[in-house]
Amino acid sequence: MSEEKGTLPSKETFSEWYNEILWRAEVMDVRYPVKGVYVWYPHGFAVRKAVYSALRELLDRDHEETLFPLLIPENEFMKEAEHIKGFEEEVYWVTHGGTSELDVPLALRPTSETAIYPMYALWVRSHADLPLRLYQIVNTFRYETKHTRPLIRLREITSFKEAHTVHATWDDAKDQVEDAVALYTEFYRRLCVPVIISKRPDWDKFPGADYTMATDAVMPDGRTLQVGTVHHLGDNFSKTFDISFEDENGEQKPAFQTCYGISERCIAALISVHGDDKGLVLPPEMAPVQVVIVPIIMKKRADEILESAKALEKELKEAGLRVRIDDRPLRPGAKYYHWEMKGVPLRLELGPRDIDNNVVMSANRLGEKASLSRENITEDVRKSLDAFAESLRNRAEETVKEKIRKADTLDEAGKAVEDGVAVVQWCGCESCANEIEKRLNVSILGSEIRSEYISDAEGECIICKKAGKPALVARSY
Ligand SMILES: Nc1ncnc2c1ncn2[C@@H]1O[C@H](COS(=O)(=O)NC(=O)[C@@H](N)CS)[C@@H](O)[C@H]1O
Ligand SMILES: [Zn+2]
């Protein structure tokens with residue numbers, strides 16, 4: 001699988017670059033014979049493992065992980081009117097078991113509210129059971145009719161983290177929404193991916209929610225990618241599914257809920273934001289291999305060099321680093337190509353001269369070179385990796401800042417959304433939003449923006465000139 005595969009197209013032609021990098025870097029194989037369904041290569045799966053272990057670490061602080069069934073009986077699925085309306089065009093149905101027709105058709109979960117909430121109705125009895133915070137990481141199925149694309153728009157979402165929480169009051173659920181937004185912000189900080197948090201317009205909120213807070217990344221082509229959403233469900237589902245509790249005064253009360261999801265779009269953003277024309281560029285925390293050692297073999301001292309490389313590998317492994325020696329019979333340049341394509345953050349080169357001078361040559365994935373002392377190599381490598389993550393974060397932030405532009409007129413907004421995100425003043429009413437959509441052919445993405453790169457200064461609505469507040473306008477995936 002890992003023979004040299006030539007060079008990537010430039011990232012300027014993002015769509016081609018993206019499709020090519022998925023197979024050249026061995027992330028996803030798109031040749032599976034079902035539309036919108038793709039296969040993880042082992043390397044891609046190892047990136048997924050690192051990314052989702054960071055997500056689990058954050059969630060496990062005050063959630064518990066569990067697992068609900070994939071199959072949802074039609075009668076449960078059809079209970080919440082808004083939810084049905086939102087998903088009826090996207091649900092896959094199982095109608096047969098073998099050759100016999102099922103008496104009740106079963107939905108493949110597009111998301112799991114209608115699988116989980118009948119069980120929550122049995123589990124939640126008293127205020128002492130609250131708050132309940134569970135999550136699962138499962139595959140979900142959506143019959144997407146828009147253009148499907150690996151990691152971005154799938155029919156089988158293979159890595160759907162969905163959290164579902166239950167609270168005693170609307171305000172407690174609101175606090176949970178804020179906690180979830182903070183958790184997503186921290187998660188994307190660890191991916192070194194800048195995100196913009198905003199409130200989706202009412203007509204774009206999750207079916208059955210009171211409101212939706214969305215997390216958007218800005219892709220290299222300037223289009224935004226919704227990489228996470230947090231929904232305040234009010235008591236809409238608890239009333240439908242009878243999730244109620246006995247409060248301190250012994251009265252039965254309906255519970256209040258939230259749910260929030262992240263899919264493998266987080267990996268699409270990680271690859272797209274940091275990748276370059278040589279391949280993946282991975283923050284050390286998300287890299288399956290953090291350090292690759294390339295011994296520079298000279299015939300007469302081959303054994304000594306290999307011994308020294310093995311000692312170096314052992315020392316770094318014992319320090320908890322994910323390190324590999326590449327001792328294949330290839331010339332160094334072919335090895336550099338291979339590991340750069342896979343996004344390895346740091347390469348160490350070890351030749352006879354380095355051994356004599358007691359140094360190790362290093363080159364990080366951005367091409368910054370240094371000569372490290374062999375003595376405290378572990379500490380120097382750790383420092384290099386931390387500095388590398390910081391430079392990835394800064395580089396990505398600079399790029400996003402350039403793509404976000406304030407627009408005082410529709411023409412300016414029209415220009416900005418050609419390759420980025422426009423920030424316009426909007427009064428919040430749907431008719432002005434429709435006017436913007438009609439004139440620019442892009443929709444209002446969100447308001448109540450939370451981003452250090454966007455000012456919250458208010459002004460006149462770009463359409464009706466009434467009092468407006470900053471809102472995002474952008475083309476999105
Ligand atoms: N077809 C898809 N392919 C890949 N990711 C998707 C797809 N549809 C949605 N997502 C991602 O999944 C996230 C959560 O989906 S959602 O519909 O917004 N929310 C829910 O399903 C709620 N039940 C929260 S768990 C979205 O923010 C988006 O990032
Ligand atoms: Zn207006």
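One-based numbering along the sequence shown. In each ligand, atom 1 is the first atom listed, and ligand 1 is the first ligand listed. Below, each value reflects all heavy atoms present in this structure, side chains not excepted, and no hydrogens, waters or symmetry copies.
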message = Between ligand 1 and L151, is the shortest N or O to N or O distance under 3.5 Å?
response = no
query = So, does Y18 use its side chain to make a donor-acceptor pair with the main chain of P150 at under 3.5 Å?
reply = yes
inquiry  = Tell me if the aromatic rings of H164 and Y120 count as close, with their centers under 6.0 Å from one another.
reply    = no
message = Applying a heavy-atom cut-off of 4.0 Å, say which part of R155 lies close to ligand 1: side chain, backbone, both or neither.
response = neither
inquiry  = Working to the nearest 0.5 angstrom, can you tell me the gap between F87 CZ and R142 CZ?
reply    = 4.0 Å
remark   = Within the 4.0 Å heavy-atom cut-off, what F160 brings close to ligand 1 is side chain
request  = Identify, by atom number and element, the atoms of ligand 1 in contact range of E113, meaning under 4.0 Å from any of its heavy atoms.
outcome  = 22 (C), 23 (N)
inquiry  = Return the CG to NE2 distance between L366 and H274, rounded to the nearest 0.5 Å.
reply    = 10.0 Å
key: Rounded distance (nearest 0.5 Å) linking atom OG1 of T169 with atom CG of D247   = 12.0 Å
key: atom 1 (N) of ligand 1 - nearest protein heavy atom and its distance   = E144 OE2, 2.7 Å
Nearest neighbour in protein (non-hydrogen) for atom 17 (O) of ligand 1 = R142 NH1, 3.0 Å
message = Check the orientation of F14 and Y477. Use parallel for under 30°, tilted for 30 to 60°, and perpendicular for over 60°.
response = perpendicular
key: Closest approach of any protein heavy atom to atom 5 (N) of ligand 1, naming residue and atom   = S263 OG, 2.8 Å
query = By number and element, which atoms of ligand 1 are closer than 4.0 Å to a non-hydrogen atom of E162?
reply = 25 (S)
Heavy-atom neighbours of E64 CD exceed 12 at 6.0 Å = no
query = Considering only the protein, which heavy-atom contact is closest to atom 7 (C) of ligand 1, and what is its distance?
reply = I157 CD1, 3.5 Å
ask   = Would you say the side-chain atoms of T258 and T165 include a donor-acceptor pair closer than 3.5 Å?
value = yes
Distance-minimising heavy-atom pair for G459 and Q425 = N-OE1, 3.1 Å
query = Mind checking whether T215 has a heavy atom under 4.0 Å from ligand 1?
reply = no
ask   = With ring centroids as reference points, do H232 and Y211 lie under 6.0 angstrom apart?
value = yes
key: Non-neighbouring partners of K79 that pass side chain to side chain donor-acceptor pair (under 3.5 Å), sequence neighbours left out   = E76
ask   = Of all the non-hydrogen atoms in the protein, which one sits nearest to atom 4 (C) of ligand 1, and at what distance?
value = I152 O, 3.3 Å
Protein N, O or S atoms lying under 2.8 Å from the Zn ion (ligand 2), listed by chain and number = C427 SG, C432 SG, C461 SG, C464 SG
query = For ligand 1, which atoms, with element, lie under 4.0 Å from some heavy atom of Q226?
reply = 18 (O), 26 (C), 27 (O), 28 (C), 29 (O)
key: Closest protein heavy atom (residue, atom, distance) for atom 19 (N) of ligand 1   = H231 NE2, 3.0 Å
task = Just jot down the ligand 1 atoms closer than 4.0 angstrom to any heavy atom of R153, in number order.
result = 3 (N)
key: Under 3.5 Å donor-acceptor, R475 side chain and V417 backbone   = yes
ask   = G228 heavy atoms, cut-off 4.0 Å: which ligand 1 atoms fall inside?
value = 27 (O), 29 (O)
task = If you have a sec, work out which protein heavy atom is nearest atom 3 (N) of ligand 1 and how many Å separate them, to one decimal?
result = L154 N, 3.0 Å
ask   = Only one of Q176, H231, K161, E162 clears side chain to side chain donor-acceptor pair (under 3.5 Å) with Y260; which?
value = Q176
task = May I ask you to check whether T111 has an N/O atom sitting below 3.5 Å from an N/O atom of ligand 1?
result = yes
remark   = dist D216:CG -> L445:CG (nearest 0.5 Å) comes out at 4.5 Å
note = among protein heavy atoms, the one nearest atom 16 (S) of ligand 1 is T229 OG1, 3.7 Å
task = Indicate yes or no for a side-chain donor-acceptor contact from E264 to the backbone of S159 under 3.5 Å, with no hydrogens or angles considered.
result = yes
